[in-house]
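Read through the structure below, which is laid out as structure tokens, and then see the notes.
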Amino acid sequence: MDINWLEDFVCLARTLNFTRAAEERNITQSAFSRRIKALEIWVGAALIDRTSFPAKLSDAGEEFLPTAKTIVKELLEARDDLRARERGGLKFYTFAAPHSISITHLAPILRQLQGGLKIRSRVMSDNLHTCCELVSEGVCDFLVCYRHPKIPITLDEQLFKRLNIGTERLIPVTVPDHSGRPRWTLPGDRRAPIPKLGYAKGSFFGAVVDQLLKSHKAALDVRHIDAFAEALKSLALEGQGIAWLPESSVQQSLESGDLLRAGPEQWDASLSLSIYSAVDDLDDTGLEIWNFLSRLP
């Protein structure tokens with residue numbers, strides 16, 4: 001039995017979508033389906049009810065899921081402990097963070113940590129939902145993410161402590177026209193809607209933008225959807241439409257004039273940058289990290 005089969009099953013149980021789960025596991029859908037089938041053969045029972053759409057776990061799958069999660073967690077923890085012992089007891093502390101945060105915010109934080117505490121760190125970058133799962137299941141020690149007061153995250157905040165360490169804004173941007181002015185400006189005109197570059201359904205940034213547009217009506221025509229802010233930034237720079245992007249990720253493009261604001265600040269969405277951890281479960285060095293993070297300016 002391959003641990004990958006268990007990790008595949010846990011991923012499928014969370015997404016309930018073979019295509020999305022295969023993408024997250026970075027394998028083809030056919031290979032993913034074969035591995036799920038192999039696990040079912042090994043277990044001796046159908047774990048997925050394939051007669052329904054979308055897919056759902058069978059009764060046996062619901063019963064087996066907690067065991068699969070526990071096995072994956074304990075195997076990974078045992079592996080990390082053994083690796084730490086081989087390195088003379090030096091442990092890696094793991095941070096989960098969405099892709100949009102890993103480069104712009106987390107990298108400089110880790111540089112400060114490693115300079116002050118001399119720790120070993122590892123980053124697991126994925127979508128926000130998966131990052132919450134990694135922290136909830138104890139695979140990662142810390143979660144770094146954005147928060148919005150009206151958009152809940154899939155993390156039991158009663159079990160995790162939170163530090164707010166900064167702010168971010170999602171701002172609408174566009175390329176300039178031939179005169180150097182924004183090619184498109186909000187709210188737009190119904191007779192000629194503004195092409196919009198949007199986020200995939202279920203994404204955190206997508207939910208934030210949807211919330212903003214509930215109170216600020218605009219004439220928009222969705223031309224492209226993507227899960228990643230960097231992909232939308234590339235398309236915005238090509239002049240494909242306007243996109244709401246983290247201000248920190250487009251600062252250089254704004255300064256160079258390659259991108260311009262597509263509207264005043266009323267079209268911005270304010271976010272908090274937060275760190276979560278199950279502080280009671282941290283070891284002494286983990287607590288030092290938490291205390292260090294709490295003192296960040």
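Values in this document were obtained by computation on a predicted structure and should not be read as measured data. Numbers here simply count residues along the sequence, with the first being 1.
Between Pro182 and Asp177 the shortest side-chain heavy-atom distance does not fall below 4.5 Å. A 4.5 Å side-chain heavy-atom check between Leu113 and Phe95 finds at least one atom pair inside the cut-off. Two residues are said to be in side-chain contact when any heavy atoms from C-beta on lie closer than 4.5 Å; Thr104 and Pro246 fail this criterion. Proximity of Leu117 to Ile289: side-chain heavy atoms (C-beta onward) are separated by under 4.5 Å at one or more points. At least one side-chain heavy atom of Val175 sits less than 4.5 Å from a side-chain heavy atom of Leu259. Within the 4.5 Å cutoff, side-chain heavy atoms of Tyr146 are placed close to those of Ser100. With contacts defined as side-chain heavy-atom distances shorter than 4.5 Å, the pair Leu213/Trp267 qualifies. Looking at heavy atoms from C-beta onward, Val135 lies in side-chain contact with Cys140 at the 4.5 angstrom threshold.
Sorted by first then second residue, the side chain to side chain donor-acceptor pair (under 3.5 Å) pairs that include residues 2-21, not counting sequence neighbours, are Asp2-Asn4, Asn4-Arg25, Glu7-Arg25, Asp8-Arg25, Asp8-Arg35, Arg14-Glu24, Arg14-Thr130, Thr19-Gln29, Arg20-Glu24.
In this structure, CD1 in Ile194 is found 6.0 Å from OG1 in Thr185, a value given to the nearest 0.5 Å. Here the straight-line distance linking atom NZ of Lys214 with atom NZ of Lys150 works out to 8.5 Å at 0.5 Å rounding. Considering CG of Asn164 and CG of Leu273, their distance stands at 8.5 Å, rounded to 0.5 Å. Between atom CZ of residue Arg261 and atom OG1 of residue Thr174 there is a gap of 13.0 Å, rounded to the nearest 0.5 Å. Separation of atoms OG (Ser203) and NE2 (His129) is listed at 13.0 Å; rounding is to 0.5 Å. In this structure, CD on Glu133 lies 10.5 Å from CG on Leu128, to the nearest 0.5 angstrom.
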**OP:** For side chain to side chain contact (heavy atoms under 4.5 Å, CB included), just list the numbers for Gln112 and Phe292, CA-CA rounded to whole Å, side-chain angles, deciding distance to a tenth of an Å, and then say yes or no.
**Re:** CA-CA 9 Å; Gln112 292 183 64; Phe292 186 96; 4.1 Å; yes
**OP:** Carefully, step by step, assess Ser248 and Glu168 under the rule side chain to side chain donor-acceptor pair (under 3.5 Å).
**Re:** CA-CA 7 Å; Ser248 60; Glu168 179 66 276; 2.5 Å; yes
**OP:** Determine, stepwise, if the pair Ile153 / Tyr276 fulfils side chain to side chain contact (heavy atoms under 4.5 Å, CB included).
**Re:** CA-CA 12 Å; Ile153 62 175; Tyr276 289 88; 3.8 Å; yes
Original post:
Between Leu282 and Phe142, is a side chain to side chain contact (heavy atoms under 4.5 Å, CB included) present by the stated rule, with each step listed?
Top reply: CA-CA 10 Å; Leu282 294 175; Phe142 303 94; 4.0 Å; yes
Subject >> side chain to side chain contact (heavy atoms under 4.5 Å, CB included) evaluation trace for Asp281 with Phe160 >> reply: CA-CA 10 Å; Asp281 295 335; Phe160 295 85; over 6 Å; no
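Leu232 and Val222 fall into different hydrophobic clusters, where Ile, Leu, Val, Met, Phe, Trp and Tyr are joined by side-chain heavy atoms under 4.5 Å apart, directly or via other members. By the rule that hydrophobic residues join a cluster once side-chain heavy atoms approach within less than 4.5 Å of another member, Val123 and Ile101 end up as members of one cluster. Ile41 is not connected to Leu47 by any chain of hydrophobic side-chain contacts under 4.5 Å among Ile, Leu, Val, Met, Phe, Trp and Tyr, and they are in different clusters. Under a hydrophobic clustering in which Ile, Leu, Val, Met, Phe, Trp and Tyr are joined whenever their side-chain heavy atoms come within less than 4.5 Å, directly or via other members, Leu220 and Ile225 fall into different clusters. Leu260 and Val173 are members of different hydrophobic clusters when ILVMFWY side chains are connected at heavy-atom separations under 4.5 Å.
Closest heavy-atom contact between Met124 and Cys131: O-SG, 4.2 Å. Counting all heavy atoms, side chain and backbone alike, Arg190 lies closest to Ala219 at N-CB, 3.7 Å. Scanning all heavy atoms of the two residues, the minimum distance from Val144 to Pro98 falls at O-CD, 3.1 Å. Scanning both residues, Thr285 and Tyr93, for their nearest heavy atoms gives CB-OH, 3.0 Å. Taking each heavy atom of Pro195 and Gln240 in turn, the nearest pair found is CB-O, 3.7 Å. Of all heavy-atom pairs between Phe9 and Ala68, the closest is CD2-CB, 3.9 Å.
Judged by distance alone, the side chain of Glu62 and the main-chain N or O of Leu57 form no donor-acceptor pair under 3.5 Å. Between the side chain of Ser277 and the backbone N or O of Asp141, at least one donor-acceptor pair lies under 3.5 Å. Side chain of Glu157 to main chain of Arg162: no donor-acceptor pair is present (N/O by atom type, distance under 3.5 Å, no hydrogens or angles). Side-chain atoms of Tyr199 never come within 3.5 Å of backbone atoms of Val208 as a donor-acceptor pair (strictly under, hydrogens ignored). Checked by atom type and distance alone, the side chain of His216 pairs as donor or acceptor with a backbone atom of Gln266 at under 3.5 Å. Judged purely by atom type and a 3.5 angstrom limit, Ser125 uses its side chain to pair as donor or acceptor with the backbone of Ala97.
Annotation: Glu238, atom CD; neighbour count of heavy atoms from other residues, nucleotides and ligands within 6.0 Å is above 12. Around atom CD of Glu63, no more than 12 heavy atoms belonging to other residues, nucleotides or ligands sit under 6.0 Å away. With a 6.0 Å radius and a threshold of 12 heavy atoms from other residues, nucleotides or ligands, Asp258 has its CG atom above the threshold. Counting non-hydrogen atoms of neighbouring residues, nucleotides and ligands closer than 6.0 angstrom, the CD1 atom of Ile103 reaches no more than 12 such neighbours.
Side-chain contact, Ser30 with Thr28: a donor N or O sits under 3.5 Å from an acceptor N or O. For the residue pair Gln114/Ser121, the side-chain donor-acceptor check at 3.5 Å is satisfied.
A perpendicular orientation is assigned to the rings of Phe32 and Phe18, their planes being inclined by more than 60° (bins at 30° and 60°).
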